[in-house]
Amino acid sequence: MGFEWRNWRGLSVAILLLLGLTGCRPKQAQQDQQQQQVAQTLTKLPEQVENTKKSLTGGHFKYALVSWSPFKGIFNEALATDANDQVIAAPGNESLFRYNSDYRIVDGGAADLRLDVLAKTATITINDRVRWSDGRPLVAEDIRYSYLIIANPKSESQRYTGSLADIVGLAEYHAGQTDQISGITMPDGANGRRVVLHFKEMKPGMTHSGNGYFWEYASPSHQLKTIPFDQLANSAALRKTPLFFGAFKIKSIEAGQKVTWVPNPYYYGSKPHLAAITFNVVSPNAVVDAMKQHHYDMATVASDQWPELQQSSRTTFIARKPLSYRYLSFKVGRYQDGHNVLNPKSKMNDLALRQALIYSLDLEKITRKYTNGWQFRIKTLIPPAFKQYYASSAEAYSYDPAEAAKLLDQAGYRKKGKWRTKPNGKPLVLHFAVKRDLTNKEEIVQAYLNAWHKIGLNVKLTSGRLLEANSFYDKLENDDPEIDFFEAGWDLSTEPSPADLYSATAPFNFGRFVTTENTALLNKIDSLDSFNEQERIKAFKAWQTYMNQVAYVVPTTSSYDVRALNTRVKGFSLAPDANWKDVSVTAPKR
């Protein structure tokens with residue numbers, strides 16, 4: 001609920017203005033005013049439903065999972081990479097550790113954590129009341145087994161990173177030099193309650209959830225250990241009968257389309273209010289009518305659906321500025337043997353070309369025109385939500401097509417007819433990959449293409465169209481040669497270290513850029529010196545400045561995470577420490 005993306009009545013004036021402008025072409029000042037009012041409205045929406053009515057006993061909560069694509073259906077955090085899979089898994093997929101509203105790990109969850117900086121260890125102690133949804137206890141081996149999945153190359157997990165490799169022996173296991181991980185010990189045996197992680201170095205982010213240096217989930221080893229690692233992602237154990245130790249367990253799965261949850265009778269915490277939760281994949285084109293007809297209790301809201309959903313009766317809204325952003329990234333290498341390898345001959349390994357593509361985009365105008373003030377421009381790869389680390393003074397790329405043309409001319413990209421050529425005189429064609437994730441995405445992408453064509457760059461869409469999400473990420477992960485650059489987005493971890501996304505060993509570094517400077521700056525963010533908070537702040541800001549300068553990955557926009565909910569819903573929250581067990585309904589389904 002809270003990971004990952006007020007009653008509306010008192011805000012009707014702003015919406016009336018918004019609706020009054022729909023269908024016409026307001027002047028620039030009116031557009032700016034509209035955008036500002038919508039943004040102000042969104043900032044005033046709460047993170048949690050405000051409903052003081054008495055909860056019903058039981059109730060069936062229906063969640064509209066708005067998506068153009070089926071969900072993948074890999075329900076194990078060590079192997080899941082699809083955001084929809086993670087949303088669906090949330091009712092049962094509880095973290096090992098409890099954390100507060102600042103994402104600091106605290107006692108009282110499925111396990112407690114103790115760090116020893118001098119000994120370079122983290123000790124995990126399991127709550128002895130925790131049971132999997134089949135009744136088996138959560139044991140030390142279940143924690144260790146997730147590391148075996150992640151670090152075994154045959155599983156093809158994308159969770160293995162240089163950050164996790166700080167655990168002693170993990171890199172050797174990943175390389176096939178040993179069949180055990182020496183730095184993961186179980187003092188009370190495999191069926192005991194304690195696991196000790198031994199690190200090469202301690203990191204300042206280890207006190208917070210999402211730090212990337214240790215895994216925060218477990219895997220049911222008793223269910224999975226007989227399945228070969230290379231068959232695990234497609235196994236029935238994960239796709240049809242996955243086990244969880246959270247408040248709910250899966251009752252049924254309709255592959256790619258529907259999942260139904262019921263209470264986990266073995267849950268160690270307080271009993272959940274709901275009798276069932278169902279996730280249904282709903283097309284963005286159909287979600288507005290579905291919510292108006294009260295077929296669902298909740299749906300994510302896109303910017304172009306916002307005005308119409310305001311008119312839906314018995315609907316309320318919650319929102320937050322998520323820890324997320326969209327970005328443009330340029331393919332300059334490939335992923336090989338656990339490392340990103342830079343290709344100096346890549347056509348995108350030219351700073352002038354990268355900068356020209358960015359300078360030619362009027363992102364503020366495009367977002368204003370197509371997102372109703374929903375999206376907003378951001379300047380760095382650390383979102384403003386991380387207030388202490390955000391480099392507010394960092395110099396970002398403004399709209400300057402004249403500068404774009406100047407850079408191209410100086411770098412030798414001369415016009416020959418309509419299009420520019422490479423410096424060697426040969427034709428230049430750039431392939432841009434984009435996934436379909438908004439109902440008006442085609443219009444947004446066409447605005448991008450028009451801007452690039454105006455400065456003489458022959459940019460075409462990879463495969464000639466917007467890509468379905470699963471196909472898009474398959475091409476990125478496998479370094480498809482028909483991708484020169486792409487647009488994508490990240491829902492960030494709650495600990496903002498960017499190492500897992502942009503380091504030399506990060507599989508998620510889809511642009512495959514590697515520089516000595518980037519590695520040094522990332523290491524500084526997570527160094528022992530950065531246990532001093534002021535030193536860490538300096539390191540974060542230096543990295544943001546550097547990334548803007550080299551322009552291998554350039555942030556574009558962030559947006560509000562808004563949910564439309566039936567007014568019968570109670571207890572649903574987007575706060576970091578939210579739990580599905582607290583959700584209820586206050587009226588029967590109508």
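Start at 1 with the first residue, then count along the sequence.
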If we only count heavy atoms from C-beta on, is the [X] to [Y] side-chain gap below 4.5 Å?
| X | Y | value |
| --- | --- | --- |
| Tyr390 | Lys379 | yes |
| Ser270 | Lys581 | yes |
| Leu197 | Tyr213 | no |
| Phe61 | Met298 | yes |
| Arg563 | Val49 | no |
| Pro384 | Ile378 | yes |
| Leu65 | Asn84 | yes |
| Ile525 | Arg536 | yes |

### Query
Does the pair Lys203 and Asn211 meet the rule for a side-chain contact (heavy atoms from CB on, under 4.5 Å), with working shown?
CA-CA 9 Å; Lys203 304 292 182 177; Asn211 61 72; over 6 Å; no
I'd like to know if the side chain of [X] and the backbone of [Y] have a donor-acceptor N/O pair within less than 3.5 Å.
| X | Y | value |
| --- | --- | --- |
| Gln544 | Tyr389 | yes |
| Lys240 | Ile253 | no |
| Tyr217 | Asn93 | no |
| Asn51 | Thr567 | yes |
| Ser235 | Ala233 | no |
| Gln293 | His295 | no |
| Asp85 | Gly73 | yes |
| Thr367 | Glu364 | yes |
| Asp142 | Val139 | yes |
| Asp107 | Asp112 | no |

Could you tell me whether [X] and [Y] make a salt bridge, using a distance below 4.0 angstrom between a side-chain N and a carboxylate O?
| X | Y | value |
| --- | --- | --- |
| Glu443 | Lys369 | no |
| Asp188 | Arg194 | yes |
| Glu487 | Lys441 | yes |
| Asp134 | Arg136 | no |

### Query
Which residue, Ser157, Ser146, Ser219, forms the side chain to side chain donor-acceptor pair (under 3.5 Å) with Asn76?
Ser219
### Query
Taking atom CD of Glu156 as the centre, does the number of heavy atoms from other residues, nucleotides or ligands within less than 6.0 Å exceed 12?
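Counting other residues, nucleotides and ligands, CD of Glu156 stays at 12 neighbours or fewer.
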### Query
Above 12 or not: heavy atoms from other molecules or residues under 6.0 Å from NZ of Lys258?
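Incorrect, the count does not exceed 12.
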### Query
Would you call the rings of Tyr502 and Tyr327 parallel, tilted or perpendicular if under 30° counts as parallel and over 60° as perpendicular?
perpendicular
### Query
Parallel, tilted or perpendicular: which fits the ring planes of Trp490 and Phe510, with parallel below 30° and perpendicular above 60°?
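Plane angle under 30°, so parallel.
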### Task
Name all residues meeting the side chain to side chain contact (heavy atoms under 4.5 Å, CB included) criterion together with Ser252; count only those two or more places apart in sequence or in a different chain, and write none if there are none.
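Scan of Ser252 (side chain to side chain contact (heavy atoms under 4.5 Å, CB included), adjacent residues dropped) gives Thr260.
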### Summary
Applying side chain to side chain contact (heavy atoms under 4.5 Å, CB included) to Asp500 and not counting sequence neighbours gives Thr161, Ser163
### Task
In sequence, state the C-alpha distance, the side-chain angles, and the governing distance for Phe279 and Phe71, and then conclude on side-chain contact (heavy atoms from CB on, under 4.5 Å).
CA-CA 11 Å; Phe279 291 82; Phe71 60 81; over 6 Å; no
### Query
Taking only residues two or more places apart in sequence or in another chain, which ones pass ring-ring contact (aromatic ring centres under 6.0 Å, His included) with Phe244?
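Once residues adjacent in sequence are excluded, the partners of Phe244 under the ring-ring contact (aromatic ring centres under 6.0 Å, His included) criterion are Trp261.
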#### Entry: Validation row, ring centre Phe376 to ring centre Tyr560 under 6.0 Å
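Yes, they do, as the ring centres are separated by less than 6.0 Å.
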### Task
Nearest 0.5 Å please: distance from the CG atom of Leu224 over to the CG atom of Leu232.
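Reported value, rounded in 0.5 Å steps: 5.5 Å.
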### Message
How long is the straight-line distance from OH of Tyr325 back to CG of Leu381, given to the nearest 0.5 Å?
### Response
4.5 Å
### Task
Go through the side-chain N and O atoms of Ser497 and Asp526 and say whether any donor and acceptor fall under 3.5 Å apart.
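On atom types as modelled, these side chains qualify, holding a pair under 3.5 Å.
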### Task
For the pair Glu94 and Asn579, evaluate side-chain contact (heavy atoms from CB on, under 4.5 Å) and give the outcome as yes or no after the intermediate values.
CA-CA 9 Å; Glu94 190 168 309; Asn579 192 309; 3.7 Å; yes
#### Entry: Steps toward side-chain contact (heavy atoms from CB on, under 4.5 Å) verdict (Arg326, Gln375)
CA-CA 10 Å; Arg326 291 176 183 266; Gln375 292 186 13; 3.7 Å; yes
### Step-by-step ring pair (Phe, Tyr, Trp, His ring centres under 6.0 Å) determination, Phe214 to Tyr147
CA-CA 9 Å; Phe214 50 81; Tyr147 290 94; 8.7 Å; no
